[in-house]
Amino acid sequence: MGCHPEVDRIVEQSFDHNYKVDPSARVSIKNTDGSIRVYGADTSEVKIQAIKKAYGRERLDKIVINVAAQANSVSIDTIYPPRPKFGLSDRSGTVDYVIVVPQTCTISRLELANGEVLVEGMRGGKVNANLVNGRLFDRNSFGTHELFVANGGLDIVYDWWERTDLSVDAKIVNGNVRAFIPGDAAFHLLATTVDGSISNDFSEKEERHPGPTQKVDAAVGGPSQAVVRIHATNGSIRVAEVNP
């Protein structure tokens, strides 16, 4: 078939910077295409690693990662070149982020248009994550989490349970939500779906009945301040009991 011209070859460029911050700093992350993976850790830095990919060096150089960092806040914005007005191909490129933050910080804004989001290991702060198309994972994080997916899937995963304040508010428009929670957990479950069904391993046998369930309001494991709210518009909800 012959060789592709240089413009058709995928080229990459890495970005690696660390910024000193307070444990309660506010972090904002915005990206269009690619992925955002955020890990909470016992650290006093925000560590940003990113890989830019595009067809051709010229287009790659037009993807810009802007970081504004102070002790109490870090803002990460991803600027892409304009998309082609004509033609079927989109050569604007992607950026994949791996970001390590203090586990007690606040993720005031995490926005991705297309791709995958992971938030893991956060402790006590607030997380606000929004994804348009793709899959969002919230794993082993405790605090106040507001999660939204327009189209795709949303997974909430706990490998263990901590008796602490927890508020998860997860919403999806088109797609399914799965929550994996240890059997020894204590929380208030509020789950609703408009066009779909709910499967809940924590429901008592006498509460189960044939036919689809579209609303669950139940206390699990005794008194607790933890609340898990899940809402699906066009999709189903699966709440699975797993061993710690």
Trainee: Heavy-atom distance under 4.5 Å between the side chains of Leu131 and Phe148, does that happen here?
Mentor: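 The answer is no; the side chains never approach within 4.5 Å.
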Trainee: With a 4.5 Å cut-off on side-chain heavy atoms, are Lys20 and Ser44 touching?
Mentor: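 Side chain of Ser44 against side chain of Lys20, heavy atoms only: contact under 4.5 Å found.
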Trainee: Please lay out, stage by stage, how Leu154 and Lys171 fare under the test side chain to side chain contact (heavy atoms under 4.5 Å, CB included).
Mentor: CA-CA 8 Å; Leu154 199 163; Lys171 296 184 177 71; over 6 Å; no
Trainee: Check whether any side-chain heavy atom of Ile36 sits under 4.5 Å from a side-chain heavy atom of Glu111, and report yes or no.
Mentor: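 No - every pair of side-chain heavy atoms lies 4.5 Å or more apart.
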Trainee: Side-chain contact test, heavy atoms from C-beta onward, threshold under 4.5 Å: evaluate it for Pro102 versus Val46 and give yes or no.
Mentor: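 Side-chain contact under 4.5 Å: yes.
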Trainee: Tell me which one of Thr94, Asn31, Asn133 satisfies side chain to side chain donor-acceptor pair (under 3.5 Å) with Asn114.
Mentor: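 Exactly one pass, corresponding to Asn133.
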Trainee: Could you report the tightest heavy-atom contact between Thr213 and Lys215, atom names first, then the distance?
Mentor: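 Answer, listing the atom of Thr213 first, then Lys215: CG2-O, 3.4 Å.
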Trainee: Apply side chain to side chain contact (heavy atoms under 4.5 Å, CB included) to the pair Phe202 and Leu189, showing each step before the final yes or no.
Mentor: CA-CA 9 Å; Phe202 292 94; Leu189 174 63; 5.7 Å; no
Trainee: CG/Leu166 to OG/Ser141 distance, rounded to the nearest 0.5 angstrom?
Mentor: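 Answer for the CG-OG pair, Leu166 versus Ser141, is 9.5 Å.
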Trainee: Any side-chain heavy atom of Glu116 sitting closer than 4.5 Å to one from Arg37?
Mentor: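 They are in contact (side-chain heavy atoms under 4.5 Å apart), so the answer is yes.
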Trainee: For Asp217, does the CG atom sit with more than 12 other heavy atoms under 6.0 Å from it, leaving out its own atoms?
Mentor: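 Buried by this count: over 12 neighbours within 6.0 Å.
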Trainee: Ignoring hydrogens, what is the shortest heavy-atom contact between Ala71 and Ala25? Give both atom names and the distance.
Mentor: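 Shortest heavy-atom separation between Ala71 and Ala25 comes out as O-CB, 3.8 Å.
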Trainee: Taking Glu146 first and then Lys126, would you say they form a salt bridge - that is, a charged N and a carboxylate O separated by under 4.0 Å?
Mentor: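 Here Glu146 pairs with Lys126 in a salt bridge, since their nearest N and O are under 4.0 Å apart.
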Trainee: Are Asp155 and Arg139 close enough for a salt bridge, meaning some N to O gap below 4.0 Å?
Mentor: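 Not counted as a salt bridge, because no side-chain N and carboxylate O are separated by less than 4.0 Å.
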Trainee: Write down the atom of Ala150, the atom of Val132, and the distance for their closest heavy-atom approach.
Mentor: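 Scanning both residues completely, I find the closest heavy atoms to be CB-O, 3.3 Å.
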Trainee: Please name the pair of heavy atoms, one in Pro23 and one in Thr104, separated by the smallest distance, quoted to 0.1 Å.
Mentor: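 Closest heavy-atom pair between Pro23 and Thr104: O-OG1, 2.9 Å.
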Trainee: Honestly curious: do Val67 and Ile99 fall in one hydrophobic cluster under the side-chain, below-4.5 Å linking rule?
Mentor: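 Same hydrophobic cluster.
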Trainee: Identify the heavy atoms of Asn176 and Ser236 that sit nearest to each other, and give their distance.
Mentor: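 Looks like OD1-N, 2.8 Å.
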Trainee: Using a 3.5 Å distance criterion without hydrogens, assess whether the side chain of Gln225 forms a donor-acceptor pair with backbone atoms of Thr164.
Mentor: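 Flag not set: sc Gln225 to bb Thr164 has no pair under 3.5 Å.
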Trainee: When rounded to the nearest 0.5 angstrom, what is the spacing between CG in Asp201 and CZ in Arg238?
Mentor: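 Between atom CG of Asp201 and atom CZ of Arg238 there are 4.0 Å.
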Trainee: Ser203 side chain to Asn200 main-chain N or O, any donor-acceptor pair under 3.5 Å?
Mentor: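 Answer holds: yes.
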Trainee: Distance-only, no hydrogens or angles: does the Thr193 side chain make a donor-acceptor pair with backbone N or O of Gly235 under 3.5 Å?
Mentor: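 Such a contact is found between Thr193 side chain and Gly235 backbone.
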Trainee: Between Leu190 and Leu147, is there shared hydrophobic-cluster membership here, with clusters defined by ILVMFWY side-chain heavy atoms closer than 4.5 Å?
Mentor: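 No, separate clusters.
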Trainee: Let me confirm one number: the CD1-CD1 distance from Ile29 to Ile48, rounded to the nearest 0.5 Å.
Mentor: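 With rounding to 0.5 Å, CD1 (Ile29) is 8.0 Å from CD1 (Ile48).
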Trainee: Hey, which of Thr78, Asp77, Asn130, Ile79 is the one that makes side chain to side chain contact (heavy atoms under 4.5 Å, CB included) with Lys30?
Mentor: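 It is Asp77, the one option of Thr78, Asp77, Asn130, Ile79 that forms the side chain to side chain contact (heavy atoms under 4.5 Å, CB included) with Lys30.
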Trainee: Would you kindly confirm whether Val100 and Phe15 end up in one hydrophobic cluster when ILVMFWY residues are joined by side chain heavy atoms under 4.5 Å apart?
Mentor: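 In one cluster: no.
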Trainee: Going only through I, L, V, M, F, W and Y residues with side-chain contacts under 4.5 Å, is there a path from Leu112 to Ile65?
Mentor: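 Looking at the clustering, Ile65 is in the same group as Leu112.
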Trainee: Report yes if some heavy atom in the side chain of Ile63 is under 4.5 Å from a heavy atom in the side chain of Pro81; otherwise report no.
Mentor: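 A side-chain contact under 4.5 Å exists here.
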Trainee: I need the Arg123 CZ to Glu162 CD distance, nearest 0.5 Å.
Mentor: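 Arg123 CZ to Glu162 CD: 4.5 Å, rounded to 0.5 Å.
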Trainee: Under the ring pair (Phe, Tyr, Trp, His ring centres under 6.0 Å) rule, collect the residues that match up with Tyr97, sequence neighbours excluded.
Mentor: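 Residues passing ring pair (Phe, Tyr, Trp, His ring centres under 6.0 Å) with Tyr97: none at all.
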Trainee: Can you check whether Tyr19 reaches Ile76 side chain to side chain, under 4.5 Å on heavy atoms?
Mentor: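 They are not in contact (no side-chain heavy atoms under 4.5 Å apart), so the answer is no.
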Trainee: How many angstroms lie between CD in Glu12 and CD1 in Ile51, if you round to the nearest 0.5 Å?
Mentor: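 It is 5.5 Å, given to the nearest 0.5 Å.
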Trainee: Taking side chain as C-beta onward, heavy atoms only, is Val127 less than 4.5 Å from Leu110?
Mentor: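 No, their side chains stay 4.5 Å or more apart.
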Trainee: Without hydrogens or angle criteria, can the side chains of Arg26 and Ser28 be said to hold a donor-acceptor pair below 3.5 Å?
Mentor: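 Side chains of Arg26 and Ser28: no pair found under 3.5 Å.
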Trainee: Scan side-chain atoms only and decide if Asn151 and Asn174 contain a donor-acceptor pair under the 3.5 Å cut-off.
Mentor: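 The answer is yes; a qualifying pair exists.
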Trainee: Do you know the tightest heavy-atom contact between Arg57 and Val11?
Mentor: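 For Arg57 and Val11, the tightest heavy-atom pair comes out as N-CG2, 3.8 Å.
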Trainee: Measuring from atom CG of Asp159 to atom CG of Asn140, what distance do you get when rounded to the nearest 0.5 angstrom?
Mentor: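 It comes to 4.0 Å.
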Trainee: Measure the acute angle between the ring planes of Phe142 and Trp161, then classify it against the limits of 30° and 60° as parallel, tilted or perpendicular.
Mentor: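 Rings of Phe142 and Trp161: perpendicular, as their planes differ by over 60°.
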Trainee: Report yes or no: do Asp138 and Tyr158 form a side-chain donor-acceptor pair below 3.5 Å?
Mentor: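 There is no such pair between these side chains.
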Trainee: Are any side-chain N or O atoms of Thr43 and backbone N or O atoms of Glu45, one a donor and one an acceptor, separated by less than 3.5 Å?
Mentor: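 Checking the backbone N and O of Glu45 against the side chain of Thr43, a donor-acceptor pair under 3.5 Å is found.
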Trainee: Going only through I, L, V, M, F, W and Y residues with side-chain contacts under 4.5 Å, is there a path from Val242 to Val157?
Mentor: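 Yes, one cluster joins them.
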